[in-house]
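By convention in this document, chain letters (A, B, ...) are assigned in the order of the sequence lines, proteins followed by strands, and residues within each chain are numbered from 1. Computed over heavy atoms, backbone and side chain alike; hydrogens, waters and symmetry mates excluded.
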Protein chains: 2
Amino acid sequence: MESRRQEILDAALAIADEKGLEAVSMRAVAERAGVTAMALYPHVASKADLLDSMVGRLLTELVPHAEPGQDWRQRLRSLARAGRKLAHQHPWGATLLFSRPSVTPDAAGVVDLFYTLLLDAGVPPAQVPRLERLVSTLILGFAASEVGGRFGPGDLDPRERRGMLRGQPLPGHKALVRWLEAPVNWDAEFEADVDDLVRLIEAAAGR
Amino acid sequence: MESRRQEILDAALAIADEKGLEAVSMRAVAERAGVTAMALYPHVASKADLLDSMVGRLLTELVPHAEPGQDWRQRLRSLARAGRKLAHQHPWGATLLFSRPSVTPDAAGVVDLFYTLLLDAGVPPAQVPRLERLVSTLILGFAASEVGGRFGPGDLDPRERRGMLRGQPLPGHKALVRWLEAPVNWDAEFEADVDDLVRLIEAAAGR
DNA sequence: ACCTGAACACCGTTCAAGT
DNA sequence: ACCTGAACACCGTTCAAGT
C-alpha cells in the first residue's frame, strides 16, 4: 500500500549510510529511486518528513535488543551496546536524534524497554521517566560524541597538552599529563560508563 | 590585528542567535558585515572554519563560571548551570559541539575546569579523563535535547500514551500513565541529574 | 493519481579581473 | 592585500502542464 514511500526511504537510507547525511538531497534520493525530485512530493511531505522517517527506521531496529527473559542489568547493557553499535553503523542517526522528539510512535517502543527495565530494577515509578531520559541521554550523547568527532584527536600542540595555553596555565592538564598520553580504549570507557549507570539505578532503587 | 575576522565572527553569531544556524550563509554573513560573500575568504578559510570559531567563542564564555575559591560541588553546579543557560541563549551551539573535537585550544580551558574539580573531589587521576567526558556529555546531551526538541512534546495520541502502539502493548507506559501525565519541571530535573553526577563522583572518589 | 520540466530563490566556492 | 562580478555546480520547493 505504501511501498512507494518505502522505496524512497530505502534510497535515502542507502545514500546516508554510503555518503553521509549531507549527500541526502531530494534530487539524489529521487535519482536513486529512478524518478525526478518532484515525484517524491506526493509520498513525502518535505525533506524534514523524510529525515523523520529515517530516524524512525533506526529506532525500530533497536527494539529487538532487550530480550524480556533477562535480568534488567543484562537488558540495559545489551540495549546500550546495540544503541552504540547502531550509531557506528549509521553515524547520521545520532546527530539527528537530538533534534527530534523522543515521544514519537517510532521511539515509544524503545523508551518502553527502558521504562520496564527501570521498573524491574525497583526504581520508584515517579523517578522512572527522569532516569530514562538520563540513561538514554548519556548513551546517545556518548555515541554522538564518538561518531560526530567530539571525542576525536583534536588539535592541541605539545605545549598545550602539558598545561600552558596562551600564557595561561592549565593546572588540571598539567596534573594529568601522565594519564592523558595513553590512547583511550573507547569500548572499555563505554562499559565503565554503563557500569556507573547501573550503580546510579541501584542507588535510586534502594531507598 | 585580526579585527576584520572578529567583525565577520560577530556578524555570524548575531545571525545565528537571531535566526538560527541555518540562516548563517556566507552571503548573509557578508551582507551583515557590509561586504560581498567572496570578500570573507581571505579571513575565514571556509564555512566550516567559521562555524568552528563560533563554537570557540561560546566555550570561552563558559570559563569564568567556576570560581576557584569554592567547593568542587558548587563549582560543578555553577558550571553545569552556566552550560545549560548558554545552550538556551545560543541553541545552535549545543548541536554543533557534538561534531567538533573537545580537545581544542578554545575548549581546553573549560575541560581544565572539570579536571581540577574532579581532582579536588578526590577522584583518582586515572579516572578523571573518563569522568570529565561522562559529566560533560550528560550536561551537553541534556541541553542539546532541550533546545533541539528531543525533550519536546512529541506526537503520541492518547491511546498510545496509555500503552497501546499499533496493536502492541507498551507495558512500561501502561504502568506509568499516572506519572507521565504531569508536565515536567526541567529546571528541577536538571538539578536532580547534577545531584546524581555528584553522587557518582563521590563514589569514584571513595575507593 | 502520479509524474515531468521549467523556474524561483537560494547555497559554498573558484577564478579572472580590478584597485 | 583586499575586494568584486560572473560563473559553476548545486540546493528545496512551487507550479503549470502533461498522462
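The aromatic rings of Phe151(A) and Phe142(A) stand perpendicular to each other, their planes meeting at an angle above 60°, with 30° marking the opposite boundary.
Distance CG/Leu140(A) to OG/Ser145(A): 9.0 Å, rounded to 0.5 Å. To the nearest 0.5 angstrom, Tyr115(B) atom OH is 15.0 Å from Asp120(B) atom CG. To the nearest 0.5 Å, atom CD1 of residue Ile8(A) and atom CE of residue Met26(A) are 8.0 Å apart.
In this structure, Ser25(B) and Leu40(A) both approach DNA chain C, and ranking their closest nucleotides by distance from the 5' end singles out Leu40(A). Heavy-atom nearest nucleotides on DNA chain C were determined for Ala23(B) and for Pro42(A), and the one closer to the 5' end corresponds to Pro42(A).
Here the side chain of Thr36(A) is nearest to one of dT13(D), dT4(D), dG5(C), namely dG5(C).
In this structure, Arg27(A) places its CZ atom 15 Å from P of dA9(C), rounding to the nearest Å. For Leu51(B) and dG12(C), the CG to C1' distance is 12 Å, given to the nearest whole Å. Computed from coordinates, the Arg5(A) CZ to dC3(C) C1' distance equals 18 Å when rounded to whole Å. We find that NZ of Lys47(A) is positioned 14 Å from C1' of dC10(C), with the value rounded to whole Å. Between Met26(A) atom CE and dT14(D) atom P the separation is 10 Å, expressed in whole Å. Note: CD1 (Ile8(B)) to P (dG12(C)) measures 14 Å, nearest angstrom. Between the CE atom of Met38(A) and the C1' atom of dA1(C) there is a distance of 18 Å, given to the nearest Å. dC10(C) atom P lies 11 Å from atom NZ of Lys19(B), rounded to whole Å.
The phosphate of dT13(C) has OP1 or OP2 within less than 4.0 Å of a side-chain N or O from Tyr41(B).
Pair assignment for dG5(C): dC15(D), on the basis of Watson-Crick or G-U wobble contacts that are both within less than 3.5 Å.
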